There are 2 protein chains.
Amino acid sequence: MEKQTITIYDVAREASVSMATVSRVVNGNPNVRPDTREKVLKVIEKLDYRPNAVARGLASHRTTTVGVLIPDLTNIFYASLARGIDDVATMYKYNIILASADAAKNKVDSVLESILAKQVDGLIFMGTHLSDSTRKELERSKTPVVLAGTVDPLDKLGSVNIDYVAAVKEATQRLLSTGNEHVAFVTGALSDPINGQYRLKGYQAALSEAKVAYDESLVFETEYSYRAGEAIWDAVKRSGATAAVITDDELAVGFLNGANDGHTNIPEDFEIITSNNTMLTEIVRPKLTSIAQPLYDIGAVAMRLLTKMMNKEEIEQKTVLLPHSIITRNSTK
Amino acid sequence: MEKQTITIYDVAREASVSMATVSRVVNGNPNVRPDTREKVLKVIEKLDYRPNAVARGLASHRTTTVGVLIPDLTNIFYASLARGIDDVATMYKYNIILASADAAKNKVDSVLESILAKQVDGLIFMGTHLSDSTRKELERSKTPVVLAGTVDPLDKLGSVNIDYVAAVKEATQRLLSTGNEHVAFVTGALSDPINGQYRLKGYQAALSEAKVAYDESLVFETEYSYRAGEAIWDAVKRSGATAAVITDDELAVGFLNGANDGHTNIPEDFEIITSNNTMLTEIVRPKLTSIAQPLYDIGAVAMRLLTKMMNKEEIEQKTVLLPHSIITRNSTK
DNA sequence: GAAAATTGTAAAAACGTTTGCATTTATGAT
DNA sequence: ATCATAAATGCAAACGTTTTTACAATTTTC
């Protein structure tokens with residue numbers, strides 16, 4: 001019934017100053033005498049006034065809200081990035097509008113539209129490769145965008161990644177070096193440039209340097225899930241491979257258990273290197289050797305980069321590559 | 001430079017109707033002649049007009065946005081709930097403002113304040129037990145609230161859960177029935193009513209019915225994480241227990257690996273039942289027997305309940321209990 | 001001690017919608 | 001045709017802020 005919202009106007013009246021002055025106090029504008037500031041603050045306290053962010057957003061054209069698109073909340077890889085994003089966002093007083101957008105399901109554009117309608121100040125994309133329509137939509141809105149763990153082949157948007165080519169190359173070399181003649185490459189959609197261009201290139205480069213012929217039948221394209229990993233084990237085993245580089249931990253874990261349950265000894269009879277170094281690699285037995293990506297940092301740096309863009313600060317590098325390494329555990333000899 | 005935002009006013013002028021009519025068309029108000037609707041839609045298309053959700057929110061007092069508080073994004077339990085929440089929210093055209101609020105770190109109230117400032121239409125709480133100050137804050141804002149996987153001891157807010165008392169009781173009985181005389185109870189903060197009241201009560205009820213004395217030294221309080229599970233294994237083993245009910249999967253998995261790595265055979269020498277039936281239970285070896293909670297559904301139902309509250313619909317049951325079961329895998333005899 | 005610069009405050013115009021009310025136009029029964 | 005009624009539209013006032021402009025009061029400068 002009684003709405004009872006205390007507005008800036010009530011505060012102004014009670015403190016016998018103008019709305020403008022109250023606004024200045026609330027926003028920390030220095031142009032207000034200490035004693036008036038004091039007086040206003042007292043009234044704010046007394047009336048328990050809370051500024052309305054919606055009205056503020058309308059008047060100032062800034063919502064202090066950023067949109068975050070995530071392909072799968074329950075995939076710990078993305079969740080880890082999200083945590084980095086969230087922490088930095090909080091640090092800079094931004095709220096996050098989170099939306100899951102399964103690229104596969106063409107949801108991206110509609111989700112994006114609803115987020116842009118909310119007038120977010122910026123946008124972080126994870127995982128989803130940007131379609132042309134998506135890109136156009138972003139362009140027209142002029143909203144700053146940063147990709148986290150996602151590359152932009154056109155190199156126009158901000159992005160934070162590791163050097164996938166180098167990382168996969170090292171992993172592959174590692175497997176070749178222990179005498180594996182047939183190393184499989186098990187990955188997600190090759191239409192995603194990270195897989196189809198970067199990682200694949202690293203894989204091929206390692207083979208080529210080791211003078212091993214590239215054999216397309218050793219490349220396995222599937223999806224990032226535990227089930228997919230279990231399911232594909234047999235095929236990989238039958239291909240004659242004795243080792244595999246796998247580009248997602250859930251996938252790798254499913255794969256590993258497929259091997260375990262099929263009584264193949266890891267790493268004696270088959271070696272595995274996975275890619276994300278999430279908690280999963282430590283949970284399974286044997287523990288998985290993995291490319292280590294600084295997941296939290298990828299998210300955190302992406303968000304930090306976005307804050308700079310939103311502030312129109314000078315950006316030294318809008319395409320950043322964070323360092324990676326390989327953590328040896330027990331799925332390799 | 002040129003802001004170039006197309007407003008409802010531009011559309012009105014171009015279509016030679018009033019703003020009100022355009023607004024009606026956009027909002028699907030039936031009070032507009034089909035041919036005017038057509039005309040307006042054409043202009044909207046032509047001008048590529050997009051309504052500004054912030055202005056809309058200010059004028060209508062509805063933001064079609066809900067706040068979601070999550071204790072830990074990377075804990076798959078919460079992430080699973082969140083997925084249910086997200087799907088239903090999308091279905092009903094709500095956006096989600098996600099904020100992680102580590103109850104431990106007293107962040108809850110400040111996060112809540114920033115979310116409420118954004119004028120969300122409703123709020124979903126996960127995991128965090130509501131402090132008095134939080135509750136007061138919610139009350140004053142009059143925002144509808146639903147707890148997902150979290151109980152309200154005062155039973156004032158909406159909530160969606162399973163019957164924790166019954167579930168833990170069944171799990172404990174199961175372990176007692178295979179001859180375990182000392183069954184440990186390993187859980188998170190006992191200050192959380194779910195643990196300290198409900199689950200503990202179920203545990204005690206099972207003991208009591210089996211005429212086994214309750215022994216406080218078999219109750220282990222720790223936190224929901226893999227590391228905590230690894231760390232606590234030794235103490236539990238030393239307590240003389242030969243079985244344990246564990247209330248979080250990450251915790252249970254750490255515990256299991258503690259046992260594995262300490263060369264205790266599961267389930268021959270020690271039985272384990274965990275509580276959330278997430279993917280983790282299937283990933284480890286042996287697979288974990290678990291209480292099965294409908295995680296996705298808890299989130300989905302919570303969000304659905306919230307939509308009803310936001311619409312001021314009649315609510316038949318604001319405290320809902322979803323069914324649970326026990327899934328037998330290989331960590332029990 | 002007057003002119004110039006600075007500071008503090010108020011008034012009012014945005015911001016882009018929705019919505020209650022008034023008005024016009026169409027519909028149908030007589 | 002006529003009138004009562006219903007349907008469609010327009011007008012203008014919110015919504016709760018920020019921001020621009022203007023001016024008065026104070027401080028500085030020489």
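Everything quoted here is computed from the prediction, not taken from an experiment. Order of the sequence lines fixes the chain letters, A, B, ..., with proteins taken first and strands second; residue numbering starts at 1 for each chain.
Non-hydrogen atoms lying under 4.0 Å from DNA chain C are contributed by nothing in residues 37-48 of chain A.
Considering only residues two or more places apart in sequence or on other chains, B:D192 meets the side chain to side chain donor-acceptor pair (under 3.5 Å) condition with none of them. For B:S141, the side-chain contact (heavy atoms from CB on, under 4.5 Å) partners at least two apart in sequence or on another chain are B:L116, B:T143.
For the 3.5 Å distance criterion, the side chains of B:D109 and B:S133 qualify, holding a donor opposite an acceptor. Using modelled atom types, one finds a donor on one side chain and an acceptor on the other under 3.5 Å when comparing B:Y296 with B:D87.
Using a 4.0 Å heavy-atom criterion, one finds that A:V17 contacts the sugar-phosphate atoms exclusively.
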* Using a 4.0 Å heavy-atom cut-off, write out nucleotides 17-25 of chain C from 5' to 3' as B (base contacted by protein), S (sugar-phosphate only) or - (no contact). => BBBB-----

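When DNA chain D is scanned 5' to 3' for any atom under 4.0 Å from a heavy atom of chain B, the first and last hits are D:dA8 to D:dG16.
Just one of A:V11, A:V25, A:V17, A:V22 meets the side-chain contact (heavy atoms from CB on, under 4.5 Å) condition when paired with A:V43; it is A:V11. Under the side-chain contact (heavy atoms from CB on, under 4.5 Å) rule, A:L98 has a single partner from A:D86, A:I124, A:L73, A:V66, which is A:L73.
Environment of CG in B:D35: crowded, with over 12 heavy atoms of neighbouring residues, nucleotides or ligands closer than 6.0 Å.
Taken over five-pair windows at either terminus, the axes of the helix from C:dG1-D:dC30 to C:dT30-D:dA1 are inclined to one another by 30° (rounded to 10 degrees).
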